[in-house]
Amino acid sequence: MNTLALWDTIDQKILSYPRADDQPVVNLDPRYLVLRIVKEARPDDVEGFTVRQRLTVDLEAMEWRHGWELIELPAPAPPQPDYVGFYSALLSSATYSAVLQMPATAELARALAVFVSAIQDAMNYRVNPQAMQGAIWLLLSQVALTDEHVAELTELMATHHLDLTYTLTPT
């Protein structure tokens with residue numbers, strides 16, 4: 001295994017050392033510098049970082065270093081709301097069943113229509129977070145939910161990542 005390499009001072013590149021035994025080269029052209037190859041140990045993996053090899057030439061130390069660098073990975077994107085999953089789960093929830101059992105009023109019918117329209121837009125990639133938030137609050141203002149229903153809605157929103165964008169109560 002070679003422990004030496006040549007540095008071409010004109011072309012500014014590394015070349016293989018011409019001898020396998022690392023003995024001096026007789027009549028070596030002065031354009032070439034003999035560099036010692038230094039191989040650093042690869043660092044352990046670190047959560048949130050990737051390890052990349054870094055090759056550097058240090059002419060002062062006469063070394064060609066095979067080093068490593070830790071590069072911080074970008075933070076993962078937050079999960080996007082799953083409107084289809086949320087709506088499917090909502091339709092089969094005890095909360096939705098309770099809403100359907102409530103006495104029909106014009107206000108409740110309008111609130112349901114606004115909510116269904118907003119959720120359908122969101123499911124069809126026409127998300128308007130302000131309209132959706134308003135529809136949630138409008139619908140909830142027309143229904144009297146138990147603590148169990150609020151807990152179920154909160155869990156559905158968390159499961160389908162709507163809780164990162166929407167709230168059940170105005171802030």
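Numbering starts at 1 and runs along the sequence shown.
Counting non-hydrogen atoms of neighbouring residues, nucleotides and ligands closer than 6.0 angstrom, the CD atom of Q120 exceeds 12 such neighbours. Around CD of Q12, the count of heavy atoms belonging to other residues, nucleotides or ligands within 6.0 Å exceeds 12. In the displayed structure, D147 atom CG is contacted under 6.0 Å by at most 12 heavy atoms of other residues, nucleotides or ligands.
In terms of heavy atoms, T167 sits closest to W137 at O-NE1, 3.0 Å. When all heavy atoms are compared, the tightest approach of A144 to M102 is O-CE, 3.4 Å. Closest heavy-atom contact between A118 and A131: CB-O, 4.3 Å. The two residues H161 and P79 have their closest heavy-atom pair at ND1-CG, 3.5 Å.
No continuous path of hydrophobic side-chain contacts links L162 to Y125 [ILVMFWY only; heavy atoms under 4.5 Å]. Hydrophobic clustering keeps L73 apart from I71 (ILVMFWY residues linked when any side-chain heavy atoms are closer than 4.5 Å, directly or through intermediates). The hydrophobic clustering, which links ILVMFWY residues whose side-chain heavy atoms are closer than 4.5 Å, places Y17 and M62 apart. Under a hydrophobic-cluster definition in which Ile, Leu, Val, Met, Phe, Trp and Tyr are linked whenever side-chain heavy atoms come within less than 4.5 Å, directly or via other members, I136 and L100 are assigned to the same cluster. Taking hydrophobic clusters as Ile, Leu, Val, Met, Phe, Trp and Tyr residues chained together by side-chain heavy-atom distances below 4.5 Å, L164 does not share a cluster with Y87.
To the nearest 0.5 Å, atoms OG1 (T146) and CD (E152) are separated by 8.5 Å. For the atom pair L6 CG and K13 NZ, the distance stands at 12.0 Å (nearest 0.5 Å). Considering CD1 of I14 and CG of L35, their distance stands at 5.0 Å, rounded to 0.5 Å. The line from OH of Y83 to CD1 of I119 is 7.0 Å long, rounded to the nearest 0.5 Å. Rounded to the nearest 0.5 angstrom, T3 OG1 and I37 CD1 are separated by 6.5 Å. Expressed to the nearest 0.5 Å, how far CH2 of W7 lies from CG of L33 amounts to 9.0 Å.
A donor-acceptor pair under 3.5 Å is formed between the side chain of W68 and the backbone N or O of E40. When atom types are taken as modelled, the side chain of Y166 and the backbone of M157 share no donor-acceptor pair closer than 3.5 angstrom. In this structure, the side chain of N2 does not engage the main chain of L4 through any donor-acceptor pair within 3.5 Å. Without hydrogens or angle criteria, N124 side chain to R126 main chain gives no donor-acceptor distance under 3.5 Å. A side-chain donor-acceptor contact under 3.5 Å links S97 to the backbone of S93. Q53 places no side-chain N or O within 3.5 Å of a backbone atom of H66 that could act as its donor or acceptor partner. Judged purely by atom type and a 3.5 angstrom limit, S141 uses its side chain to pair as donor or acceptor with the backbone of L138. Of the possible donor and acceptor atoms, one in the side chain of S92 sits under 3.5 Å from a partner among the backbone N and O of A89.
Side-chain contact between N128 and D121 is absent, with no heavy atoms from C-beta onward closer than 4.5 Å. In this structure, the side chains of L90 and L156 come closer than 4.5 Å at one or more pairs of heavy atoms. A 4.5 Å side-chain heavy-atom check between L153 and L145 finds at least one atom pair inside the cut-off. Two residues are said to be in side-chain contact when any heavy atoms from C-beta on lie closer than 4.5 Å; V127 and T165 fail this criterion.
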I'd like a table of donor-acceptor pairs (distance under 3.5 Å, sequence neighbours excluded) in which one partner is a side-chain atom from residues 104-113, with atom names and distances.
unit_1, atom_1, unit_2, atom_2, d
T105, OG1, L108, N, 3.0

Between L28 and V34, does a side chain to side chain contact (heavy atoms under 4.5 Å, CB included) hold up when you go through it step by step? CA-CA 9 Å; L28 182 63; V34 177; 3.7 Å; yes

For side chain to side chain contact (heavy atoms under 4.5 Å, CB included), just list the numbers for L139 and V114, CA-CA rounded to whole Å, side-chain angles, deciding distance to a tenth of an Å, and then say yes or no. CA-CA 8 Å; L139 180 57; V114 169; over 6 Å; no

Report the C-alpha distance between L15 and Y32 in whole Å, list the side-chain angles of each, state the deciding distance to 0.1 Å, and finish with yes or no for side chain to side chain contact (heavy atoms under 4.5 Å, CB included). CA-CA 9 Å; L15 300 171; Y32 300 111; 3.3 Å; yes

Please walk me through it: do D45 and R42 pass side chain to side chain contact (heavy atoms under 4.5 Å, CB included)? CA-CA 9 Å; D45 290 330; R42 185 183 191 282; 3.1 Å; yes

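Applying the salt bridge (charged side-chain N to carboxylate O under 4.0 Å, His left out) rule to pairs touching residues 50-64 yields R36-E63, R52-E69, E63-R65, sequence neighbours excluded.
Aromatic ring orientation, H160 versus F86: perpendicular (interplanar angle above 60°, classes split at 30° and 60°).
Shown here are the side-chain contact (heavy atoms from CB on, under 4.5 Å) partners of R31, two or more places apart in sequence or in another chain: D8, T9, I10, D11, D29.
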